[in-house]
Chemist: 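My structure is below; once you've seen it, I'll send some questions.
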Amino acid sequence: MTVPHVEIYTDGACKGNPGPGGWGAFLTSGPHEKELFGGEARTTNNRMELLAVIKALEALKQRSDVVVHTDSQYVQKGVSEWMRGWKARGWKTADKKPVKNVDLWLQLDALLGGHAIRWQWVKGHAGNPGNERADALANKGVPSR
């Protein structure tokens, strides 16, 4: 059985930090496209960046070969550099403080094993069509005041 290849573009938006925020994800696989978005009345940009990736991975119906494109260094470095140490220290930072947004990091960690995932950082607001679409979806998800 062939494993589907999925390109995921994610973004978060916050009007104030904290403030009303939204997340957006744009998924493509061959000719198929899917748009996801949502938001929260009081949140932070980093929480929305994480939630965008979580919701995108939750939307996958089967094990997939995935490339996650994010303009969030927090998400990209968190997954590729920091998470291993956080887990080894019981979800504490190097200076023994609790990891911020641990509830979302735990959700993301639980989703990682189900797919072959490559992480690709992209410069935000630089004309990348997938990133621009995810940004528009994130802004659409921001609740109106």
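Basis for what follows: all heavy atoms, side chains included, without hydrogens, waters or symmetry-related copies. Being a predicted model, the structure only gives us computed values, none of them experimental.
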Chemist: Using side-chain contact (heavy atoms from CB on, under 4.5 Å) as the criterion, point out the one residue from Val67, Leu57, Val53 that pairs with Ile8.
Modeler: Leu57
Chemist: Using every non-hydrogen atom in the two residues, find where Thr93 and Pro98 come nearest and quote the distance to one decimal.
Modeler: CG2-O, 4.2 Å
Chemist: How far does NZ of Lys55 sit from CG of Leu27, to the nearest 0.5 angstrom?
Modeler: 13.0 Å
Chemist: How long is the span from the CG atom in Leu108 to the CE atom in Met83, to the nearest 0.5 Å?
Modeler: 5.0 Å
Chemist: Measure the shortest side-chain to side-chain distance between Asp11 and Asp71 over non-hydrogen atoms and say whether it is less than 4.5 angstrom.
Modeler: yes
Chemist: Which pair of non-hydrogen atoms, one from Pro143 and one from Ala41, has the smallest distance, and what is that distance?
Modeler: CG-N, 3.9 Å
Chemist: Could you grab the distance from atom CZ of Arg133 to atom CG of Asp135, nearest 0.5 Å is fine?
Modeler: 13.0 Å
Chemist: Lys123 vs Asn128, test: side chain to side chain contact (heavy atoms under 4.5 Å, CB included). Steps then yes/no.
Modeler: CA-CA 8 Å; Lys123 184 174 172 64; Asn128 179 294; over 6 Å; no
Chemist: Calculate, to the nearest 0.5 Å, the distance between atoms CG and OG1 belonging to Leu104 and Thr44 respectively.
Modeler: 8.5 Å
Chemist: According to a 4.5 Å side-chain heavy-atom criterion applied to Ile, Leu, Val, Met, Phe, Trp and Tyr, with indirect links allowed, do Trp82 and Trp119 form part of one hydrophobic cluster?
Modeler: yes
Chemist: Do Ile117 and Leu111 make a side-chain contact, defined as non-hydrogen atoms from C-beta onward lying under 4.5 Å apart?
Modeler: no
Chemist: The criterion is ring-ring contact (aromatic ring centres under 6.0 Å, His included); which residues satisfy it with His69, sequence neighbours excluded?
Modeler: Tyr9
Chemist: In the structure I gave you, are the side-chain heavy atoms of Trp23 and Leu36 within less than 4.5 Å of one another anywhere?
Modeler: yes
Chemist: Whether the side chain of Thr70 engages the backbone of Ser72 through a donor-acceptor N/O pair (distance < 3.5 Å, no angle test) should be reported.
Modeler: yes
Chemist: First locate atom OG of Ser29, then atom CD of Glu7, and finally report the distance between them rounded to the nearest 0.5 Å.
Modeler: 9.0 Å
Chemist: Using the rule that two of Ile, Leu, Val, Met, Phe, Trp, Tyr join whenever any of their side-chain heavy atoms come within less than 4.5 Å, decide whether Val75 and Val66 are in one cluster.
Modeler: yes
Chemist: Verify the cluster assignment for Phe37 and Met48: are they in a single hydrophobic cluster under the rule of side-chain heavy atoms below 4.5 Å apart?
Modeler: no
Chemist: Taking side chain to side chain donor-acceptor pair (under 3.5 Å) as the cut-off, I'd like each qualifying pair that reaches into residues 104-116, sequence neighbours left out, listed once.
Modeler: Tyr74-Trp105, Lys87-Asp109
Chemist: Are Ile54 and Val79 in one and the same hydrophobic cluster, where Ile, Leu, Val, Met, Phe, Trp and Tyr link if side-chain heavy atoms are under 4.5 Å apart?
Modeler: yes
Chemist: Report the residues that fulfil side-chain contact (heavy atoms from CB on, under 4.5 Å) with Arg89, sequence neighbours left out, ordered by chain and then residue number.
Modeler: Trp86, Lys92, Ala94
Chemist: Are Val99 and Leu106 linked, directly or through intermediate hydrophobic residues, by side-chain heavy-atom contacts shorter than 4.5 Å (ILVMFWY only)?
Modeler: yes
Chemist: Of all residues at least two apart in sequence or in a different chain, which pass the side-chain contact (heavy atoms from CB on, under 4.5 Å) check with Val142?
Modeler: Ala13, Lys15, Pro20
Chemist: For Arg63 versus Val3, what's the shortest heavy-atom pair and its separation?
Modeler: O-CG1, 3.4 Å
Chemist: Where is the tightest heavy-atom contact between Thr43 and Cys14, given as atom of each residue plus distance?
Modeler: O-SG, 3.5 Å
Chemist: Taking only residues two or more places apart in sequence, or in another chain, which ones meet Lys61 in a salt bridge (Lys or Arg N to Asp or Glu O under 4.0 Å)?
Modeler: none
Chemist: Looking at residues at least two apart in the chain, or sitting in another chain, which of them share a salt bridge (Lys or Arg N to Asp or Glu O under 4.0 Å) with Arg47?
Modeler: Asp103
Chemist: Kindly compute the distance separating CZ (Arg118) from OG (Ser80), expressed to the nearest 0.5 Å.
Modeler: 14.0 Å
Chemist: Okay, side chain of Glu40, backbone of Gly21: is any donor-acceptor separation there less than 3.5 Å?
Modeler: no
